[in-house]
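Below: the structure, in structure tokens.
Values below: every heavy atom of this structure, side chains too, minus hydrogens, waters and symmetry copies. This structure is a prediction, so every number in the text was calculated from the model and none was measured.
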Amino acid sequence: MTLSSYLTNLIIPFNLCLTLVVLGLVLGLFRLRKTGGALIAAGLLWALAWSLPVTSLWLGGVLEGRYPHLPPAESPTADAIVVLGGNTANGRANWFLPYDKDTAVVRVDTAAQLYLAGRAPKVVLSGGALEGDVSEARGMAHAIRQQGVPESALILENASRTTYENAALTEDQLKAHGIGKVLLVTSALHMPRAMAAFSKQGVVAIAAPAPPQIVPPADGSLNRWLPDQRTFDASRSIIKEYAGLFVYWLRGWV
């Protein structure tokens, strides 16, 4: 693993916690016990905070609530629907419940529902190949055709690998096809960064997020103040969005 990839992986709470604890122990060996103890405490507190559902509900809720989800029939119309490749919390309908493929939140499903509700005549699928030769756009095209969206309605952008590239390369496709206003589809968590990136490229976009995932289960089974493994694992997606917004701001991409 390269240094840059390791630093990127520090976004995972467990990795940062482990790094701080190890650094603290090393400093303790060199008699810098107060500094080492502070690092160990910071690492453990960081891990504890992100294992608590209340942290995700608060910080994730801020992002998901920025652009509320609307039923397809109540969404505005546009010239095209743009759906971004990607995944959030493994597609769980609710972050705090086990994964269920029958209730999974998939962005392309939202796009299909919008198309079938007559919200736009075209669907632009954006996403390159993260592994192998098949792009996310092609994978989404197969899935959306299974839901009744015809091949003639699809426009594929097969090269993007980041949200910035989603926006820049999709904007090229929109210009080439004479498309103006679009409905932008991604996860509710990712929507603030996506909207900012598309706006920076001059795209007239209306947010059409998938349903929010970071909400208390309806059965009342969640204790917001007890550590939870699923919450801990999924929290990296929230941290990624805040870090992404900061980095994109620094680079002038939003």
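Under 3.5 Å, the side chains of Ser160 and Glu165 contain no donor-acceptor pair of N or O atoms. A donor atom on one side chain and an acceptor atom on the other are not found under 3.5 Å apart for Ser235 and Ser56. For the residue pair Arg119 / Thr77, no side-chain donor-acceptor distance below 3.5 Å is found, with atom types taken as modelled. Donor-acceptor pairing under 3.5 Å is recorded for the side chains of Gln147 and Asp109.
Closest non-hydrogen pair, Ala80 versus Ile179, comes out as CB-CG2, 3.7 Å. Here the closest non-hydrogen pair linking Phe232 and Pro13 is CE1-CB, 3.6 Å. Of all heavy-atom pairs between Lys200 and Gly252, the closest is CE-O, 3.0 Å. Residue Gly60 comes nearest to Leu189 through the heavy atom pair O-CD1, 4.1 Å, listed as atom of the first residue, atom of the second, then distance. Here the closest non-hydrogen pair linking Leu156 and Gln173 is O-NE2, 3.2 Å. Here the closest heavy-atom approach between residue Asn15 and residue Leu10 is recorded as O-CD2, 4.0 Å.
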Test side-chain contact (heavy atoms from CB on, under 4.5 Å) applied to Val185 and Leu114, step by step:
CA-CA 10 Å; Val185 176; Leu114 288 166; 3.6 Å; yes

Where do Val123 and Val83 land on the side-chain contact (heavy atoms from CB on, under 4.5 Å) test, with the steps shown first?
CA-CA 7 Å; Val123 180; Val83 55; 4.3 Å; yes

Before you tell me yes or no, could you show the steps for Met140 and Arg107 under side-chain contact (heavy atoms from CB on, under 4.5 Å), namely the whole-Å CA-CA distance, both residues' side-chain angles and the distance that decides it to 0.1 Å?
CA-CA 9 Å; Met140 289 191 293; Arg107 300 171 184 183; 5.7 Å; no

When you look at His142 and Gln146, which way does the side-chain contact (heavy atoms from CB on, under 4.5 Å) test go after all the steps?
CA-CA 7 Å; His142 174 75; Gln146 302 303 308; 3.5 Å; yes

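Shown here is Arg145, whose CZ atom has more than 12 heavy atoms of other residues, nucleotides or ligands within 6.0 Å. Within a 6.0 Å sphere centred on OH of Tyr248, other residues, nucleotides and ligands contribute more than 12 heavy atoms.
Residues Ile11 and Leu45 fall into different hydrophobic clusters, defined by Ile, Leu, Val, Met, Phe, Trp and Tyr side chains chained together at heavy-atom separations under 4.5 Å. Connection of Phe96 to Trp58 is established within a shared hydrophobic cluster, with ILVMFWY side chains joined at heavy-atom distances below 4.5 Å, either directly or through further cluster members. Note: the hydrophobic cluster containing Leu97 does not contain Leu222 (ILVMFWY, side chain heavy atoms under 4.5 Å, direct or indirect links). By the criterion of side-chain heavy atoms lying less than 4.5 angstrom apart, applied directly or through intervening Ile, Leu, Val, Met, Phe, Trp or Tyr residues, Tyr67 is grouped together with Val182 in one hydrophobic cluster. Both Leu63 and Ile214 are part of a single hydrophobic cluster, where members link through side-chain heavy atoms under 4.5 Å apart.
Residues Leu184 and Leu84 meet the side-chain proximity criterion, which asks for heavy atoms closer than 4.5 Å. Considering only heavy atoms from C-beta on, Leu174 comes within 4.5 Å of Val203 through its side chain. Put simply, the side chain of Thr110 does not reach to within 4.5 Å of the side chain of Val105, judged on heavy atoms. Between Thr170 and Phe198, some side-chain heavy-atom pair lies under the 4.5 Å cut-off. Using a 4.5 Å heavy-atom threshold, the side chains of Tyr242 and Val62 count as touching. Put simply, the side chain of Ile206 does not reach to within 4.5 Å of the side chain of Ser75, judged on heavy atoms. At least one side-chain heavy atom of Trp50 sits less than 4.5 Å from a side-chain heavy atom of Ile238. Looking at Leu52 and Arg224, their side chains never come closer than 4.5 Å, going by heavy atoms from C-beta outward.
The distance from the CG atom of Leu154 to the CZ atom of Arg138 is 11.5 Å, given to the nearest 0.5 Å. Summarising the geometry, atom CD belonging to Gln201 is positioned 11.0 Å from atom CG belonging to Asn166; distances are rounded to the nearest 0.5 Å. Atoms CH2 and CG, from Trp95 and Leu57 in turn, are 10.0 Å apart once rounded to the nearest 0.5 Å. Atom-to-atom distance recorded for Leu23:CG and Leu32:CG is 12.0 Å, nearest 0.5 angstrom. Rounding to the nearest 0.5 angstrom, the gap separating the CZ atom in Arg66 from the CE atom in Met195 is 8.5 Å. Between the CD atom in Glu171 and the CD atom in Glu157 there is a gap of 12.0 Å [rounded to 0.5 Å].
Panel note: side chain Arg236, backbone Asp233; a donor-acceptor pair is recorded below 3.5 Å. A donor-acceptor distance shorter than 3.5 angstrom exists from the side chain of His69 to the backbone of Pro209, with no hydrogens or angles considered. Formation of a donor-acceptor pair under 3.5 Å by the Arg193 side chain with backbone atoms of Thr163 is not found in this model. Formation of a donor-acceptor pair under 3.5 Å by the Ser51 side chain with backbone atoms of Leu48 is found in this model. Between the side chain of Glu64 and the backbone N or O of Gln213 there is at least one donor-acceptor pair closer than 3.5 Å. Between the side chain of Lys122 and the main chain of Ser152, a donor-acceptor pair closer than 3.5 Å is present.
Ring geometry, Trp253 versus Tyr164: the interplanar angle falls under 30°, so the pair is classed parallel (tilted spans 30 to 60°).
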